[in-house]
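The structure appears right after this line, and notes come after that.
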Amino acid sequence: MTTHDHGTRDAGPPLPQPPQPPADPAVPMASAAPAASDAPTMAPAAPAAPAAPAASAASDGGRLARVRRGRPDDPRWARPALWALLAVTTVLYLWSLGASGYANQFYSAAAQAGSESWKAFFFGSSDAANSITVDKPPASLWPMALSVRLFGLSSWAILVPEALMGVATVGVLYAAVRRRFSAAAGLIAAAALAVTPVAALMFRFNNPDALLCLLMVSAVYCVLRALEDARTKWLVLAGVCFGLGFLTKTLQAWLILPPLAVVYAVCAPAKFGRRIGQLLLAGLAMVVSGGWWVAIVELWPASSRPYIGGSQHNSFLELTFGYNGLGRINGNETGSVGGGGPGGGGRGGGRWGDTGIDRLFGSDMGGQIAWLLPAAFILLAAGIWLTWRARRTDTRRAAFLVWGGALLMTFATFSFMSGIFHQYYNIALAPYIAALVGMGAALLWERRNEGGRAGAVASAVLALTVAVTAYMSYVLLGRSPDWHPWLRWAVLIGGLAAAAGLLLTGLLATGRLGRKAALAAAGLGLAAGLAGPVAYTLTTVDTPKQGSIVTAGPSVAGGMGGPGGGFPGGGRMGGPPGMQNGRQGTGQQGQGQQGQGQQGQGQQGQGQGGRQGTPGGGTGGTGGGQPGGQNGFPGGGFPGGGQSPRNGQGNAQGGQGQNGTPGMLPGGGMGEGGRRGGGMGGLLNGQQVDAEVAAKLKKNADDYTWAAAAIGSQNAASYQLATQKPVMAIGGFNGSDPSPTLAQFKEYVKQSKIHYFISSGTGMGGGPGGGQGTSSQITSWIESTYKKVTVGSATLYDLTQKKTG
């Protein structure tokens, strides 16, 4: 691999002509005719790469014919197969979508607010009266808000845009891989992405990750197009995608920038000075497309815009580089769950789980993303080896370097970051893994068809990849031993049989019979490799998902997993109200079923325990246990006395379904005859809102700026979605933001801008994350000053009626 410049192209043989369709149209992985002679080693000059497709499709009957038929060099089955894949993906992502309700109510409430107020739309406010924003920039909210404005507030109006983004991402990935490899490679990559469990999860959910994934795949596509002929427009478009990605999830969007910029600087077919100039121009496009909103927000008078949620000083730049930036890396996240301070990296250190090279293969993460991860690493190494002697501008090698660089950068960051890290973040890895699997399998299949020594080695690498993938699936499926136990053995046996078939046909079989046997082995290997992810994905699609932390697939031993979502390392939460707590305990204590280590206990009353070490006691209460081990949460245990994962334990003294008391996150279970505290007391999931309560809040609501106020965004979101009236989220998502201050809140009340305060119960300053901060001060002042009103299961304070006597 050299870096010499000779004009706009290095010396070397001219680009070969596009390959002809394979002689056998049933061959799913061949994209070029076999070489004329055998190669003596695994690293000869690069295999023939297809030339960049022609810009015009006039010779194929026009654009409509191109859409229907595909490229002239595609086999006849390619385009129908693509349309079938996209149709199946659409059905998969839309299936029973409404069962998840408002999914993450935090973002759903912001979408509802944006549909009512253009100012709230622009800033990403949590409510239409613009008290505070969500703790992210607003780009991911804009499609949902527009949908709600057009079709009205509903689960489908919020979630369908996310599902369509998923289908679009699958299509863009196909186009990116197909362009430099084969239609079969593109289909394998697209299918692998579509059935990756965490991708199916998040393309049916309303967190920012769906839009971010689409933008990152689009950015890579544009960079690969720019690498073909050094056209500036494609690099500028990539910059725009990165800018919009920043407006979706801030600095995470720029995680893959370094490898992409380096690959373009080295491999683009232009003089070095021109390459650098193009990169600078793309950087400018990125800054403009992402920075215009930031500039407006920072220049806008703070007194006339909403408070920037997630920051401690009302600054989006602070949010970007602190809570959502470096804090995610080093764990120093002021205002985060459990307070600021380092999360602790390294083995056993940190409330977000162990860090290390094997983190993404662990019980919490593996079932989300690890199915094809070993295969991607093997095929990345094989692809670079096979193309290593190609000229500097070879686009196939550049594709491996781009997708591989994106994978390695993201994998390393996720493996070692000490701050907030949730299982669903792994969707960022899914398209990179899928692309490498499709490209690597196709390239090895080409080399295998050449025969000879190189073909035998290629067959061996393919066999190794299939065997390792089957074993990985066997391990991951084994973590849910009672969930389709036959599947893990079928995958292992089928995968090993396919690996043996690929190896033997590569070494021994020749002729048409040998080719058919190899195709059968390849098909079996593909089926075995995708069976586990498909099963996980089908379970995910069939299970409602709600709350802030959701996961794909069934419950797993040693992790949280399971329908509805969960928390790192153990406790489940975030499922539909009344569903997430699993089996019921009776008598004097409710016990968490299948928990790790000792079971949490709660006294007095009848409560619900849950799978995987969820709250064992019937109620919230004091968490008096010792700090948990891996992924254990500070303060000991989970709400209601449930065990912190890995040996942590806590004891809860009963209370009838009240929220947590100091030392714990506000809690959790449901005492018999008591009221539900909500998923983590409204920190990570919303409340159930009775019709009686909603009617009370809506009465005369138009006479006030805010119908009510509540501690924490999830609490506020529940009531806002139930009433479609603005509800102020005091303290933002965690209840720890200093917004509003006590003085500001008193002034709002004095001006009759807020009608009710919704109590979150006792402890934690009346809500999530309150501590001794603003939320606690506001709660104490209200409780001592205003009249309490009990409506159904809720406790309200009428801020127009002071206490008497």
Side-chain angles (χ1 to χ4, degrees), residues 104 106-107 110 114 121-126 132-144 165 202 206-219 238-258 260-261 282-283 285-300 305-337 340 343 352 406 409-410 413-414 417-422 424-429 548 713 732-734 737:
N104 191 340
F106 176 56
Y107 293 116
F121 177 91
F122 177 80
F123 285 107
S125 300
S126 292
I132 193 170
T133 71
V134 299
D135 57 4
K136 301 288 187 298
S140 66
L141 300 173
W142 292 340
M144 292 186 287
M165 289 176 199
M202 296 314 295
N206 60 328
N207 280 22
D209 302 79
L211 178 58
L212 181 66
C213 190
L214 172 59
L215 289 169
M216 294 302 94
V217 174
S218 299
V240 171
C241 289
F242 280 115
L244 294 176
F246 178 83
L247 290 184
T248 301
K249 212 173 179 186
T250 59
L251 295 179
Q252 184 180 332
W254 294 355
L255 193 60
I256 64 173
L257 265 177
L260 268 63
M286 179 182 72
V287 171
V288 170
S289 60
W292 66 273
W293 184 88
V294 179
I296 292 175
V297 170
E298 290 296 309
L299 294 173
W300 197 295
R305 63 161 170 79
Y307 186 93
I308 303 301
S311 73
Q312 298 301 299
H313 299 92
N314 199 9
S315 168
F316 181 76
L317 293 179
E318 176 197 336
L319 174 67
T320 298
F321 294 103
Y323 178 73
N324 278 342
L326 296 178
R328 300 296 173 111
I329 303 298
N330 59 29
N332 187 13
E333 300 158 308
T334 302
S336 175
V337 178
W352 302 106
M409 180 65 75
T410 307
T413 303
F414 285 1
M417 61 187 285
S418 298
I420 293 175
F421 185 70
H422 299 311
Y424 64 80
Y425 289 3
N426 286 303
I427 187 180
L429 292 161
S548 295
S713 295
F733 183 83
N734 296 315
D737 296 346

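In terms of heavy atoms, N314 sits closest to P306 at OD1-O, 4.0 Å. Nearest heavy-atom pair across A253 and F242 is O-CD2, 3.3 Å. In this structure, I132 and D737 approach most closely via the heavy-atom pair CD1-OD2, 3.9 Å. Closest approach of C241 to M216, counting heavy atoms only: O-CE, 4.2 Å. Nearest heavy-atom pair across A210 and M202 is CB-O, 3.7 Å.
Residues meeting the side chain to side chain contact (heavy atoms under 4.5 Å, CB included) test with A238, sequence neighbours left out: C222, V223. Looking at residues two or more places apart in sequence or on another chain, you find a side chain to side chain contact (heavy atoms under 4.5 Å, CB included) between L215 and L211, L244, T248. Applying the salt bridge (Lys or Arg N to Asp or Glu O under 4.0 Å) test to K249 and every residue at least two apart in sequence or in another chain returns D209. Listed by chain and number, the residues in a side chain to side chain donor-acceptor pair (under 3.5 Å) with N207 are N104, Y424 (sequence neighbours excluded). Under the side chain to side chain donor-acceptor pair (under 3.5 Å) criterion, Y107 pairs with no residue at all, not counting sequence neighbours. In this view, S125 and N130 satisfy the side chain to side chain donor-acceptor pair (under 3.5 Å) rule, not counting sequence neighbours. With sequence neighbours excluded, the residues that form a ring pair (Phe, Tyr, Trp, His ring centres under 6.0 Å) with F246 are W254. By the salt bridge (Lys or Arg N to Asp or Glu O under 4.0 Å) test, D135 pairs with no residue at all, sequence neighbours left out.
Contact check for L257 versus M286: side-chain heavy atoms found under the 4.5 Å cut-off. A heavy-atom distance below 4.5 Å is not found between the side chains of V134 and P138. Looking only at side-chain heavy atoms (C-beta outward), I420 and Y425 come within less than 4.5 Å of each other.
T250 OG1 to L317 CG: the interatomic distance, rounded to the nearest 0.5 Å, is 11.5 Å. To the nearest 0.5 angstrom, S140 atom OG is 12.5 Å from L214 atom CG. Atom CD1 of I308 is separated from atom CZ of F123 by 7.0 Å, given to the nearest 0.5 angstrom. If you take OG1 on T410 and CG on L429, they are separated by 5.5 Å, rounding to the nearest 0.5 Å. In this structure, Y307 OH and Q312 CD are separated by 5.5 Å, a value rounded to the nearest 0.5 Å. Rounded to the nearest 0.5 Å, atoms NE2 (H422) and OG (S548) are 7.5 Å apart.
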Donor-acceptor pairs under 3.5 angstrom involving side-chain atoms of residues 291-298: please list them, not counting sequence neighbours.
residue : atom : partner : partner atom : Å
W292    : NE1  : S289    : O            : 3.0
W293    : NE1  : F122    : O            : 2.8
E298    : OE2  : F316    : N            : 3.0

